[in-house]
Amino acid sequence: MPEAVSRPAITSPRTCPDRAAGIFAAIDLGTNNCRLLVGAPTASGSFRVLDSYSRVVRLGEGLATHGLLSEGAMGRALTALQTCAQKLLRRPLRRLLAVTTEACRQARNGPAFVAEARAATGLPIRIISAREEAELAMESCAPLLRTQDRRALLFDIGGGSTEIAWIRSEGRGATELIGYISLPLGVVTLAERAGLCCGTPEGFRRVVDEVAEELSRFDHVHSIAREMRAGGVRLMGTSGTVTTLAGVALALPRYSRPLIDGRVLDTEAADQALRDLFALGPEGLRAHPCIGPERADFVLPGCAIYAAIRKVWPSSSVTVADRGLREGMLLRMMRQERAAPRRAAAWHRAAAHPAP
């Protein structure tokens with residue numbers, strides 16, 4: 001373990017039993033980023049953002065080669081988690097969820113690192129399954145569905161994996177996960193494994209074909225392409241890849257979440273943005289205002305995964321969601337809190353009037 005992991009634990013964030021506090025926090029330690037979101041519920045059933053934090057930690061660096069989280073990666077992740085914990089000390093939290101995903105699922109030392117991180121930061125971080133990851137992404141994006149949507153195909157291109165969720169829309173924001181697949185292929189793993197071969201036309205096509213072959217098996221089980229041809233299916237993406245494609249397609253001078261989140265993008269425009277990104281080359285990607293040097297290596301691997309999704313499931317448009325696990329965790333916690341008084345009231349009514 002790196003030196004940072006063995007530091008004494010800082011004071012732990014505390015949750016407050018007073019419902020009036022109404023502040024919720026979610027932490028997502030992914031393969032590439034560590035993110036924090038703090039919010040308070042609103043009357044509309046959504047939430048107001050009170051604080052946020054994001055840091056590139058590259059937790060999955062070298063994982064595809066060695067099967068282990070590296071010393072440097074664990075140190076960077078722990079430093080970011082300690083920053084999250086310090087931020088949360090200032091607030092009386094109603095509830096807190098902290099999760100980690102594919103890097104810690106894959107790494108042989110992932111569970112040991114999570115245990116050390118819990119001890120060092122006081123954060124109740126846990127490794128979630130691929131299914132729960134898909135469910136949280138579904139929960140965060142459900143508000144973007146419309147009444148005419150019978151189904152939704154949601155893709156989340158992450159650092160260490162890609163999740164595909166096949167969703168039934170039941171109206172009024174209610175959704176059901178029909179099926180999901182988690183591919184151990186993400187922007188970090190592809191960039192490292194392929195040695196950035198996605199930067200050549202031949203390498204890009206190889207990755208597209210590889211991913212498309214895996215997705216075709218999932219399609220065969222659920223007949224998704226046939227459902228899409230029948231209509232009423234929304235293709236929706238939540239990841240840095242699809243938000244970057246939207247930013248490029250809209251020719252934004254700098255990235256703007258309000259202009260991107262919920263945007264319905266014509267897939268021809270997205271495909272042209274992909275071609276524009278490919279033509280930029282490494283230096284052009286680093287200099288692009290919607291990308292920057294920290295993300296430049298991962299854009300084309302993400303675009304290859306997106307191109308495979310489009311190959312298997314052609315669609316005239318894609319809904320772009322700048323939201324993910326953090327938003328899903330906040331919405332889930334708030335929904336559970338709203339339901340708790342109703343369940344308690346129903347229990348008391350049943351106790352006061354028992355069945356004869």
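Everything numeric here is computed off the predicted structure, so don't read it as measured data. Atom set for the values below is all heavy atoms of this structure, side chains included, hydrogens, waters and symmetry mates excluded.
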Under 3.5 Å, side chain of Thr200 to main-chain N/O of Gly203, donor-acceptor pair present? yes

Can a salt bridge be assigned to the pair Arg263 and Asp322 using a cut-off of 4.0 Å between side-chain N and carboxylate O? no

Those residues that, when tested against Tyr180, pass ring pair (Phe, Tyr, Trp, His ring centres under 6.0 Å) (two or more places apart): none

Taking the side chain as everything from C-beta on, heavy atoms only, tell me whether Asp149 gets closer than 4.5 Å to Val233. no

Derivation of the side chain to side chain contact (heavy atoms under 4.5 Å, CB included) call for Leu144 and Met236: CA-CA 9 Å; Leu144 297 178; Met236 188 181 305; 4.2 Å; yes

If hydrophobic clusters are built from ILVMFWY residues whose side chains come within less than 4.5 Å, do Val99 and Leu88 share one? no

Strictly below 4.0 Å, N to O, side chains only: are Arg151 and Glu176 in salt-bridge contact? no

Test side chain to side chain contact (heavy atoms under 4.5 Å, CB included) on Cys303 and Cys198 and set out the steps. CA-CA 9 Å; Cys303 286; Cys198 287; over 6 Å; no

Distance col, row Thr175:OG1 vs Met138:CE, nearest 0.5 angstrom, shows 4.0 Å

By salt bridge (Lys or Arg N to Asp or Glu O under 4.0 Å), which residues pair with Asp271, not counting sequence neighbours? Arg310

Of all residues at least two apart in sequence or in a different chain, which pass the side chain to side chain donor-acceptor pair (under 3.5 Å) check with Asn32? none

Those residues at least two apart in sequence (or on a different chain) that pass side chain to side chain donor-acceptor pair (under 3.5 Å) with Glu202 are none

Decide yes or no for Cys290 and Leu252: does some side-chain heavy atom of the first lie under 4.5 Å from some side-chain heavy atom of the second? yes

dist Asn109:CG -> Leu68:CG (nearest 0.5 Å) comes out at 4.5 Å

Do Leu93 and Ile125 belong together in a cluster built from hydrophobic side chains that touch within less than 4.5 Å? yes

So how far is it from Ile305 CD1 to Phe155 CZ, rounded to the nearest 0.5 Å? 10.5 Å

Of Asp156, Ile157, Asp219, Ile181, the residue whose pairing with Ile164 passes side-chain contact (heavy atoms from CB on, under 4.5 Å): Ile181

For the pair Glu61 and Ser70, evaluate side-chain hydrogen bond (donor to acceptor under 3.5 Å, both in side chains) and give the outcome as yes or no after the intermediate values. CA-CA 7 Å; Glu61 186 177 59; Ser70 71; 4.6 Å; no

Check: residues 238-249 side-chain donor-acceptor pairs under 3.5 Å, at least two apart:
unit_1 : atom_1 : unit_2 : atom_2 : d
Thr238 : OG1    : Ala321 : O      : 3.4
Thr238 : OG1    : Arg323 : O      : 2.1
Ser239 : OG     : Thr241 : N      : 3.4
Ser239 : OG     : Val242 : N      : 3.4
Thr243 : OG1    : Ser239 : O      : 3.1
Thr243 : OG1    : Gly240 : O      : 3.1
Thr244 : OG1    : Gly240 : O      : 2.6
Thr244 : OG1    : Arg295 : NH1    : 3.4
Thr244 : OG1    : Arg295 : NH2    : 2.7

Any side-chain heavy atom of Ser182 within less than 4.5 Å of one from Thr162? no

Heavy atoms, side chains only, cut-off 4.5 Å: are Phe298 and Leu190 in contact? no

Leu235 CG to Leu265 CG distance, which is reported to the nearest 0.5 Å: 10.5 Å

In the structure I gave you, are the side-chain heavy atoms of Leu153 and Trp166 within less than 4.5 Å of one another anywhere? yes

For Thr31, enumerate each residue passing the side chain to side chain donor-acceptor pair (under 3.5 Å) test, keeping only those at least two apart in sequence or located in another chain. none

Would you check if the side chain of Thr100 reaches a backbone N or O of Leu29 as a donor-acceptor pair within less than 3.5 Å? yes

Quick one: do Arg131 and Glu135 satisfy salt bridge (Lys or Arg N to Asp or Glu O under 4.0 Å)? Show the steps, please. CA-CA 6 Å; Arg131 181 183 180 90; Glu135 289 172 340; 3.1 Å; yes

Any side-chain to backbone donor/acceptor pair from Thr121 onto Ala117? Under 3.5 Å, distance only. yes

Any donor-acceptor N/O pair, Glu327 side chain to Gly324 backbone, under 3.5 Å: yes

Sorted by chain and residue number, the side chain to side chain donor-acceptor pair (under 3.5 Å) partners of Arg217 (sequence neighbours excluded) come out as Glu213, Glu214

Can you tell me which residue pairs pass the ring pair (Phe, Tyr, Trp, His ring centres under 6.0 Å) test with a partner in residues 247-269, sequence neighbours excluded? none

List in chain and number order the residues that pass salt bridge (Lys or Arg N to Asp or Glu O under 4.0 Å) with Glu139, two or more places apart in sequence or in another chain; answer none if no residue qualifies. Arg332, Arg335

Are the side chain of Thr267 and the backbone N or O of Ala270 linked by a donor-acceptor pair below 3.5 Å? no

Less than 4.5 Å apart, any side-chain heavy atom of Arg105 and any of Glu133? yes

Do Leu59 and Leu63 share a hydrophobic cluster (ILVMFWY, side-chain heavy atoms under 4.5 Å, transitive)? no

By ring pair (Phe, Tyr, Trp, His ring centres under 6.0 Å), Phe204 pairs with (sequence neighbours left out) Phe278

Using the salt bridge (Lys or Arg N to Asp or Glu O under 4.0 Å) definition, which of the options Arg234, Arg150, Arg168 pairs with Glu227? Arg150

Show your working on side chain to side chain contact (heavy atoms under 4.5 Å, CB included) between Thr319 and Leu145 and close with a plain yes or no. CA-CA 9 Å; Thr319 298; Leu145 294 176; over 6 Å; no

Tell me every residue that passes salt bridge (Lys or Arg N to Asp or Glu O under 4.0 Å) with Arg35, counting only those two or more places apart in sequence or in another chain. none

Distance col, row Met74:CE vs Leu81:CG, nearest 0.5 angstrom, shows 12.5 Å

From CD (Gln272) to CD (Glu268), nearest 0.5 Å: 10.0 Å

If hydrophobic clusters are built by linking Ile, Leu, Val, Met, Phe, Trp and Tyr wherever their side-chain heavy atoms come under 4.5 Å apart, do Leu123 and Phe113 end up in the same one? yes

Mind running side chain to side chain contact (heavy atoms under 4.5 Å, CB included) on Lys311 and Asp209 for me, showing each step along the way? CA-CA 9 Å; Lys311 180 178 180 179; Asp209 291 342; 2.8 Å; yes

Between Leu183 and Leu215, is there a side-chain heavy-atom distance shorter than 4.5 Å? yes

Table please: side-chain donor-acceptor pairs of residues 44-58 below 3.5 Å, with sequence neighbours left out.
unit_1 : atom_1 : unit_2 : atom_2 : d
Ser44  : OG     : Thr42  : OG1    : 3.0
Arg58  : NH2    : Glu294 : O      : 3.4

How about Ile167 and Leu154: do any of their side-chain heavy atoms sit closer than 4.5 Å? yes

Check this for me, if you would: do Arg326 and Asp28 make a salt bridge, where the nitrogen-to-carboxylate-oxygen distance has to be below 4.0 angstrom? no

Do Val187 and Val207 sit in the same hydrophobic cluster, where Ile, Leu, Val, Met, Phe, Trp and Tyr count as joined when their side-chain heavy atoms come under 4.5 Å apart? yes

